[in-house]
Undergrad: 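One structure coming up, written as structure tokens, with questions to follow.
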Amino acid sequence: MTAEVNEVELFSEQLVRLNAAMKELFDCGNLALFTEMNKAIKELHRIQTAGKSAVFSAVREECNIIYKNFDMIIAVLRTTDNGEIDEGAQGALNRLLHNIDHAVIQIASALKLV
């Protein structure tokens with residue numbers, strides 16, 4: 001197995017990890033899952049930025065959507081009082097999560113995972 005194939009496989013594994021955390025978050029609303037999402041996103045970023053495969057160039061825009069929207073999620077969560085998410089914050093979080101979900105689907109399609 002070449003290094004490029006291996007890094008794409010590792011990237012794909014993290015994409016699946018992120019997707020699983022998001023599914024569980026949507027199902028149960030457990031905010032602790034943002035920690036799991038953060039770990040997967042950091043690993044995606046590490047693999048993508050160090051990666052040599054042309055695949056990473058092809059999905060750069062979608063990756064940036066994931067990174068930027070997650071940064072905004074963290075910013076929204078930091079503005080909440082005592083972890084209480086009001087209607088405005090919930091709307092923002094839902095939109096940002098939707099943006100990440102859409103980007104994950106686009107990347108998965110580009111990688112022929114779906």
Side-chain angles (χ1 to χ4, degrees):
M1 181 179 321
T2 68
E4 284 185 21
V5 170
N6 189 41
E7 67 190 11
V8 172
E9 283 183 12
L10 293 172
F11 184 84
S12 298
E13 288 172 5
Q14 294 308 308
L15 195 66
V16 169
R17 177 183 178 193
L18 173 59
N19 190 57
M22 288 183 61
K23 181 195 178 310
E24 191 173 342
L25 178 65
F26 289 137
D27 288 347
C28 70
N30 181 355
L31 297 182
L33 289 164
F34 283 121
T35 301
E36 177 64 17
M37 288 177 64
N38 186 43
K39 289 176 185 176
I41 289 169
K42 283 184 176 183
E43 191 62 13
L44 282 170
H45 184 264
R46 185 194 68 74
I47 295 166
Q48 183 216 2
T49 56
K52 306 276 189 261
S53 175
V55 167
F56 299 128
S57 294
V59 298
R60 181 175 291 123
E61 184 177 327
E62 290 82 5
C63 287
N64 286 334
I65 289 169
I66 292 171
Y67 308 146
K68 289 176 183 177
N69 279 269
F70 194 76
D71 287 346
M72 288 188 278
I73 286 172
I74 299 305
V76 168
L77 291 173
R78 286 184 177 149
T79 66
T80 61
D81 292 325
N82 298 323
E84 295 291 323
I85 299 174
D86 63 19
E87 188 176 326
Q90 186 63 56
L93 291 172
N94 289 345
R95 185 67 192 150
L96 295 167
L97 286 167
H98 172 76
N99 292 346
I100 292 171
D101 188 51
H102 183 72
V104 166
I105 291 168
Q106 295 294 346
I107 294 169
S109 293
L111 297 175
K112 308 271 190 259
L113 298 174
V114 292

Undergrad: Which donor-acceptor pairs under 3.5 Å do the side chains of residues 106-113 make with protein atoms, sequence neighbours left out?
TA:
residue, atom, partner, partner atom, Å
Q106, NE2, H102, NE2, 3.2
S109, OG, I105, O, 3.0

Undergrad: Honestly curious: do V114 and V16 fall in one hydrophobic cluster under the side-chain, below-4.5 Å linking rule?
TA: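 Different clusters: V114 never reaches V16 through Ile, Leu, Val, Met, Phe, Trp or Tyr contacts under 4.5 Å.
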Undergrad: Run the side-chain hydrogen bond (donor to acceptor under 3.5 Å, both in side chains) test against D101 and tell me which residues pass, sequence neighbours left out.
TA: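 D101 satisfies side-chain hydrogen bond (donor to acceptor under 3.5 Å, both in side chains) with no other residue.
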Undergrad: Could you give me the CA-CA distance, side-chain angles and deciding distance for V76 and R95, then say whether side chain to side chain contact (heavy atoms under 4.5 Å, CB included) is met?
TA: CA-CA 12 Å; V76 168; R95 185 67 192 150; over 6 Å; no
Undergrad: So F56 and V8, do their side chains get closer than 4.5 Å, heavy atoms only?
TA: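 Touching, per the 4.5 Å side-chain cut-off.
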Undergrad: As an exercise, state the distance from CD1 of I47 to OG of S53, rounded to the nearest 0.5 Å.
TA: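 Going from CD1 on I47 over to OG on S53, the span is 12.0 Å.
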Undergrad: Can you tell me how far the CE atom of M37 sits from the CD1 atom of I100, to the nearest 0.5 Å?
TA: 4.5 Å
Undergrad: Mind checking side-chain hydrogen bond (donor to acceptor under 3.5 Å, both in side chains) for E61 and listing every partner two or more places apart, or none if nothing turns up?
TA: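 By the side-chain hydrogen bond (donor to acceptor under 3.5 Å, both in side chains) rule, E61 matches no residue at all.
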Undergrad: Would you mind listing every ring-ring contact (aromatic ring centres under 6.0 Å, His included) that reaches into residues 20-45, with sequence neighbours excluded?
TA: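 For residues 20-45, and leaving out neighbouring residues, the ring-ring contact (aromatic ring centres under 6.0 Å, His included) pairs sorted by first residue read H45-Y67.
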Undergrad: Ignoring hydrogens, what is the shortest heavy-atom contact between G51 and E7? Give both atom names and the distance.
TA: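 So the minimum-distance heavy-atom pair works out to CA-OE1, 3.3 Å.
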Undergrad: Which pairs with one or both residues in residues 21-35 pass salt bridge (Lys or Arg N to Asp or Glu O under 4.0 Å), sequence neighbours excluded?
TA: K23-D27
Undergrad: Return the CD to CD distance between Q90 and E84, rounded to the nearest 0.5 Å.
TA: 11.5 Å
Undergrad: Which heavy-atom pair separates Q48 from R60 by the least distance, and what is that distance?
TA: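 Shortest heavy-atom separation between Q48 and R60 comes out as NE2-CA, 3.7 Å.
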Undergrad: Which residue, I65, L44, I66, forms the side-chain contact (heavy atoms from CB on, under 4.5 Å) with V104?
TA: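 Exactly one pass, corresponding to I66.
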Undergrad: Evaluate the criterion side chain to side chain contact (heavy atoms under 4.5 Å, CB included) for residue pair I73 and L93; output intermediate values, then yes/no.
TA: CA-CA 6 Å; I73 286 172; L93 291 172; 3.8 Å; yes
Undergrad: Mind checking whether I85 and L77 have side chains closer than 4.5 Å, heavy atoms only?
TA: yes
Undergrad: Not counting sequence neighbours, list each pair that qualifies as a side chain to side chain donor-acceptor pair (under 3.5 Å) and has a residue in residues 30-42.
TA: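 Residue pairs passing side chain to side chain donor-acceptor pair (under 3.5 Å), neighbours aside: R17-E36.
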